[in-house]
Amino acid sequence: MSAADVTAPLAGVRVLDLTTFLSGPYACHILSQLGAEIVKIEPPTGDATRAGEVVPNSDFWWALHRGRRSVMLDLKEPASREVFIDLARVADVVIENYRPGVTTRLGISPATLRAVNDRLIVCSISGFGAHGSMANAVAIDGVVQAFSGSFQIPPVYRLPEGPITFQIADLAGGTAAAHGVLAALYARERSGVGCAIELTLVECLLNWLMGVDRTGTLASPNTVLATGNDGGRFVVQTTMHFRARLASLLGLEFEQTDAYADRVRDALTARSSTEWLEILQRQGIPAAPIQTLAEALAHPDVASDTFGERRVPASPFVIDGQRRRSDEPPPVLGAHTDVVLREWLGE
């Protein structure tokens with residue numbers, strides 16, 4: 001691979017994206033950052049997350065859908081379905097997160113697609129799986145979190161019982177889907193044939209939850225939000241041996257109480273936030289400024305791409321010192337239908 005290609009190890013890999021909302025689009029976004037060609041198949045009304053807009057301007061849309069092409073096909077119509085099957089004949093990957101049974105009803109099940117292309121990898125993401133008692137349940141993130149045990153975590157931090165307040169199930173599923181596709185592509189290099197991958201958001205999330213803090217280790221007083229005498233806000237997090245290190249620095253005796261956290265906050269008002277962050281770094285104590293998302297994206301230590309006044313995170317993959325840029329905006333609905341059919345099918 002030449003130096004120009006090093007940031008795109010998946011260059012030449014064609015992915016048909018039948019997904020919506022978050023889990024599937026996030027998986028496709030990861031593959032796109034690694035150089036895969038993503039073709040988003042959309043109905044005439046567009047992906048639901050376009051919210052009826054041909055060119056959405058939301059951060060959500062820009063975060064997930066830049067750097068791909070849009071092909072408009074109504075898969076409920078036989079002619080469009082045949083076009084999609086023709087695309088699958090020359091594709092490498094299909095990713096879908098329909099409810100179980102939908103691809104069968106549309107005539108594009110994994111078995112149907114792999115019958116016309118045995119090298120094809122089909123990745124299916126569902127909430128609860130296709131075969132159990134919950135197969136037909138509507139699987140949005142909060143429901144999956146409830147089923148998976150996530151609601152146990154907020155009360156540990158003295159918050160009301162309920163979902164973790166971002167879509168952790170969708171992100172777990174999307175991450176696992178990208179991993180599964182990468183592994184299947186690697187296996188295909190040796191076997192010459194593709195496979196069908198099935199993932200459930202419940203099982204993906206459970207794999208995350210078993211490794212996260214469920215006992216309050218990160219709660220106060222181990223995590224302290226402080227303000228320096230300059231008004232700058234920062235966080236100090238002292239689990240394990242860091243507890244004694246911070247207590248010694250401040251001349252305190254550690255206690256597992258909120259009163260101790262208050263004493264830490266009081267002590268940290270003695271200097272500016274900048275001074276404290278320098279001191280804490282020298283002492284090897286975990287600390288960081290509390291920033292907004294915009295401030296984090298603008299920080300000189302964080303890579304980002306810009307589109308006019310919009311700033312988005314850059315690809316996190318630095319390969320041989322180089323990073324792939326995201327310099328293509330999200331696609332206009334159906335804008336690439338003709339060119340993709342011509343390039344892929346010669347039409």
Side-chain angles (χ1 to χ4, degrees), residues 22 140-176 201-297 299 301-302 313 316:
L22 182 52
I140 61 174
D141 203 274
V143 171
V144 174
Q145 286 197 40
F147 188 91
S148 305
S150 297
F151 281 25
Q152 288 183 306
I153 295 177
V156 171
Y157 292 90
R158 304 173 197 173
L159 298 170
E161 183 181 30
I164 297 168
T165 54
F166 66 97
Q167 298 98 314
I168 187 173
D170 279 315
L171 293 172
T175 301
L201 299 185
V202 167
E203 292 172 347
C204 292
L205 181 54
L206 280 168
N207 274 275
W208 277 21
L209 291 174
M210 293 302 292
V212 304
D213 175 45
R214 304 192 307 280
T215 61
T217 302
L218 303 180
S220 176
N222 293 321
T223 298
V224 174
L225 277 61
T227 304
N229 63 16
D230 60 346
R233 300 174 66 233
F234 57 103
V235 65
V236 185
Q237 197 162 67
T238 54
T239 57
M240 304 178 295
H241 59 284
F242 298 118
R243 296 171 179 171
R245 194 174 294 180
L246 178 66
S248 175
L249 175 67
L250 300 180
L252 301 173
E253 189 72 31
F254 177 80
E255 299 173 6
Q256 191 70 42
T257 64
D258 286 339
Y260 171 76
D262 289 337
R263 289 195 289 275
V264 170
R265 270 187 287 272
D266 288 343
L268 293 174
T269 61
R271 298 174 182 265
S272 71
S273 60
T274 302
E275 289 178 289
W276 275 122
L277 288 168
E278 291 174 351
I279 292 169
L280 293 165
Q281 183 179 26
R282 286 199 302 270
Q283 295 295 319
I285 297 170
I290 298 172
Q291 301 188 126
T292 64
L293 180 62
E295 289 169 336
L297 283 171
H299 195 280
D301 291 344
V302 174

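The model shown is predicted, which means the values in this text are computed figures rather than measured ones. Counting from 1, the numbers follow the sequence of the chain as shown.
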Within the side chain of [X], is there an N or O that forms a donor-acceptor pair under 3.5 Å with the backbone of [Y]?
X: S248; Y: A244; result: no
X: S220; Y: D258; result: no
X: R245; Y: I285; result: no
X: D213; Y: L218; result: yes
X: R263; Y: L252; result: no

Check the pair R214, V156 against side-chain contact (heavy atoms from CB on, under 4.5 Å), reporting the backbone distance first and the verdict last. CA-CA 7 Å; R214 304 192 307 280; V156 171; 5.7 Å; no

Tell me, please, which residues at least two apart from Q145 pass side chain to side chain contact (heavy atoms under 4.5 Å, CB included). D141, S150, F151, P163, I164, I168, L205

Residues pairing under ring pair (Phe, Tyr, Trp, His ring centres under 6.0 Å) where one sits in residues 207-231, two or more places apart or in two chains, turn out to be none

Y260: which residues meet the ring pair (Phe, Tyr, Trp, His ring centres under 6.0 Å) condition with it, sequence neighbours left out? F254

List the steps and the verdict of side-chain contact (heavy atoms from CB on, under 4.5 Å) for T238 and V224. CA-CA 8 Å; T238 54; V224 174; over 6 Å; no

Search all heavy atoms of [X] against all heavy atoms of [Y] and return the closest pair with its distance.
X: A169; Y: V144; value: CB-CG1, 3.7 Å
X: F234; Y: T227; value: CE2-C, 4.1 Å
X: R243; Y: N222; value: NE-OD1, 3.0 Å
X: T269; Y: N229; value: O-CB, 3.2 Å
X: L250; Y: W276; value: CD2-CH2, 3.6 Å

Classify the side-chain pair T274/S272 by whether it contains a donor and acceptor separated by less than 3.5 Å. no

Under 3.5 Å, is there a donor on one side chain and an acceptor on the other for D230 and S273? yes

Assess whether atom CD of E255 is packed by more than 12 heavy atoms of other residues, nucleotides or ligands within 6.0 Å. yes

Check the surroundings of atom CD in Q256: do more than 12 heavy atoms from other residues, nucleotides or ligands lie under 6.0 Å from it? yes

dist L209:CG -> Q152:CD (nearest 0.5 Å) comes out at 9.0 Å

Separation of I153 CD1 from T215 OG1 (nearest 0.5 Å): 10.0 Å

